[in-house]
Protein chains: 2
Amino acid sequence: MADAGSPFHEAPHDHHACVAAALAAADLVCRQKGARLTALRRRVLELIWSRHAPARAYDILEQLKGERGGAAPPTVYRALDFLIEHGLVHRIESLNAFVGCNDPRYGHSAQFLICRRCGTIAELEDAEVARLVRARAAALGFRVSHQTIEIAGLCPGCDAGSGDPTHAA
Amino acid sequence: MADAGSPFHEAPHDHHACVAAALAAADLVCRQKGARLTALRRRVLELIWSRHAPARAYDILEQLKGERGGAAPPTVYRALDFLIEHGLVHRIESLNAFVGCNDPRYGHSAQFLICRRCGTIAELEDAEVARLVRARAAALGFRVSHQTIEIAGLCPGCDAGSGDPTHAA
DNA sequence: GTCGTTTGGTTATAAGATAACATCAGTGCG
DNA sequence: CGCACTGATGTTATCTTATAACCAAACGAC
């Protein structure tokens with residue numbers, strides 16, 4: 001149950017299904033593109049998907065070191081470069097961290113909602129936000145190539161628990 | 001300030017006036033808040049305003065080292081912390097760099113247009129963009145505390161010079 | 001003046017990322 | 001098979017960005 005109504009995955013859910021779906025989508029995308037999703041790259045993607053929160057490169061590295069010899073920073077960053085290049089992973093600039101893409105099948109302009117309390121991140125693909133930004137830029141003669149939109153705040157669960165009576169149970 | 005019609009400052013303009021205005025505004029804001037804009041902090045702000053492009057911490061540090069003894073990373077980062085805390089400077093997450101705030105007199109949600117060719121950055125304060133983002137987040141039960149919106153692309157000048165007369169994608 | 005607070009100096013190190021070169025695995029082909 | 005070619009990974013070193021911890025100087029209040 002991946003909570004189809006909300007991009008948040010706070011409550012306990014069948015996370016194994018999330019990971020499996022992400023890996024299957026990655027297999028498909030890479031096969032279609034002729035890109036080689038090697039064991040290493042696949043494992044890095046799986047580690048990134050281990051939680052619905054951004055993963056840091058050196059945390060991934062620690063995991064890899066425990067699993068295989070000779071993992072060093074370039075090992076991780078090269079895998080990340082590949083995954084980002086093929087749209088399987090997004091870089092979160094405000095956290096120097098990485099999160100799996102919800103829908104890697106086609107390019108999109110995403111927005112991220114990042115809970116500053118529990119770290120949960122939700123990916124939106126709000127076309128209206130993307131379009132408004134592009135329109136405002138175009139009105140100034142600016143040609144957009146990439147949008148970085150990262151919104152910090154409190155996710156529904158953490159906001160409800162933060163003592164605000166209007167949100168309390 | 002120069003070029004009131006566009007947030008871009010590509011063409012030659014009276015940049016000394018930009019810097020003077022920014023420093024005067026900073027003096028005013030700090031006086032009103034009772035914050036101490038020391039010589040060091042003022043100088044760091046001035047260095048950040050030296051161009052309409054983001055300044056990196058270690059570049060500022062190099063400048064300071066040449067001007068005064070005993071400048072070290074904490075010297076710069078503490079000044080930056082102060083300037084950011086008082087809304088005089090914005091951090092650009094996607095560049096690990098810092099840019100002067102166009103209007104430090106009150107808090108706002110800004111958006112940045114960053115030219116990937118010449119490095120020029122323009123700060124927008126588009127209330128509609130900010131409001132739409134907040135609305136979309138609120139619809140999901142997310143309480144926004146900070147928006148990071150950094151748009152990469154080509155500024156009007158660099159786009160015009162990029163050899164594509166039709167501006168087609 | 002002197003007390004307490006803020007600011008800045010100093011040293012060391014943590015965290016994030018890349019450069020450069022070596023080696024290994026797969027593939028095509030004679 | 002043996003070789004060359006290519007892409008992927010291993011390896012070492014280094015670079016960039018940022019912070020921790022502690023000390024000394026400057027400032028403002030009284």
Side-chain angles (χ1 to χ4, degrees), chain A residues 26-27 30-31 33-48 53-86 88-99 114 119 148 150, chain B residues 26-27 30-31 33-48 53-86 88-99 114 119 148 150:
Chain A
D27 285 332
C30 287
R31 206 172 329 117
K33 291 186 175 186
R36 291 170 58 188
L37 188 62
T38 63
L40 173 65
R41 290 164 175 171
R42 201 167 191 278
R43 179 59 180 145
V44 169
L45 182 61
E46 190 178 19
L47 289 170
I48 288 173
R56 291 177 299 161
Y58 277 70
D59 288 347
I60 296 168
L61 176 57
E62 283 310 299
Q63 282 282 335
L64 287 181
K65 273 184 183 167
E67 298 173 2
R68 54 196 294 159
T75 310
V76 173
Y77 282 104
R78 283 192 290 231
L80 289 170
D81 286 345
F82 172 90
L83 295 169
I84 290 169
E85 184 184 343
H86 292 90
L88 302 169
V89 160
H90 294 286
R91 176 182 172 83
I92 304 302
E93 301 288 352
S94 58
L95 297 175
N96 292 333
F98 304 86
V99 69
I114 307 165
T148 298
E150 301 173 7
Chain B
D27 286 332
C30 288
R31 207 172 329 117
K33 290 187 176 184
R36 291 170 55 186
L37 188 63
T38 62
L40 172 64
R41 291 163 173 171
R42 200 167 192 277
R43 179 59 181 146
V44 169
L45 182 61
E46 189 179 20
L47 288 170
I48 288 173
R56 290 177 301 161
Y58 277 71
D59 288 345
I60 296 168
L61 176 56
E62 282 311 299
Q63 282 282 334
L64 287 182
K65 274 184 183 167
E67 298 173 2
R68 54 196 292 159
T75 312
V76 173
Y77 282 103
R78 283 191 290 231
L80 289 170
D81 287 345
F82 172 90
L83 296 169
I84 290 170
E85 184 185 342
H86 292 91
L88 302 169
V89 160
H90 295 286
R91 176 181 171 84
I92 305 302
E93 301 288 353
S94 57
L95 298 174
N96 292 332
F98 305 85
V99 69
I114 308 165
T148 297
E150 301 172 6

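So that the names make sense, note that chain A is the first sequence line, chain B the second, and so on, each numbered from 1.
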- Rounded to the nearest Å, what distance is computed from the CD1 atom of residue Ile60(B) to the C1' atom of nucleotide dT17(D)? 12 Å
- Polar side chain donor-acceptor pair, Thr148(B) to Glu93(B), under 3.5 angstrom: no
- What's the CG-P distance between Leu61(B) and dT17(D), to the nearest Å? 11 Å
- Side chain proximity check, Leu37(B) to Arg31(B), heavy atoms < 4.5 angstrom: no
- Task: Measure the spacing between OH of Tyr77(B) and CG of Leu61(B) and express it to the nearest 0.5 Å.
- Result: 8.5 Å
- Query: Which residues pass the side chain to side chain contact (heavy atoms under 4.5 Å, CB included) test with Gln63(B), sequence neighbours left out?
  - Reply: Arg43(B), Leu47(B), Glu67(B)
- Note on the structure: Given protein heavy atoms under 4.0 Å, the one-letter contact record of nucleotides 11-27 of chain C, with B base, S sugar-phosphate only and - none, is simply B----BBBBB-------
- Item | Whole-Å distance separating the CZ atom of Arg41(B) from the C1' atom of dG9(C) | 14 Å
- Message: Any residue in residues 63-71 of chain A with a heavy atom nearer than 4.0 angstrom to DNA chain D? Just list them by number, or reply none.
- Response: Arg68(A), Gly70(A)
- Take atom CZ of Arg42(A) and atom P of dA8(D), then tell me their distance rounded to the nearest Å. 17 Å
- Any donor and acceptor pair, going by atom type alone, linking the side chain of Arg41(B) with main-chain N or O of Arg36(B) inside 3.5 Å? yes
- Atom CG of Leu40(A) and atom P of dG10(D): how far apart are they, to the nearest Å? 6 Å
- Enter the distance from Asp59(A):CG to Ile48(A):CD1 here, rounded to the nearest 0.5 Å. 11.0 Å
- Message: Between Thr38(B) and dT7(C), is there a contact of a side-chain N or O with OP1 or OP2 at under 4.0 Å?
- Response: no
- What's the spacing between Phe98(A) CZ and Leu83(A) CG if we round to 0.5 Å? 10.0 Å
- Item | Phosphate OP1/OP2 of dG9(C) contacted by Thr75(B) side-chain N/O (<4.0 Å) | yes
- Task: Give the rounded distance in Å between these two atoms: CG of Asp59(B) and P of dC15(D).
- Result: 16 Å
- Message: Is any side-chain heavy atom of Glu150(A) closer than 4.5 Å to one of Leu95(A)?
- Response: no
- Query: Does CZ belonging to Arg91(A) count more than 12 external heavy atoms closer than 6.0 Å?
  - Reply: yes
- Query: Between atom CG in Leu80(A) and atom P in dT9(D), what is the gap in whole Å?
  - Reply: 12 Å
- Query: Can you tell me how far P of dT17(D) sits from CD1 of Ile92(B), to the nearest Å?
  - Reply: 15 Å
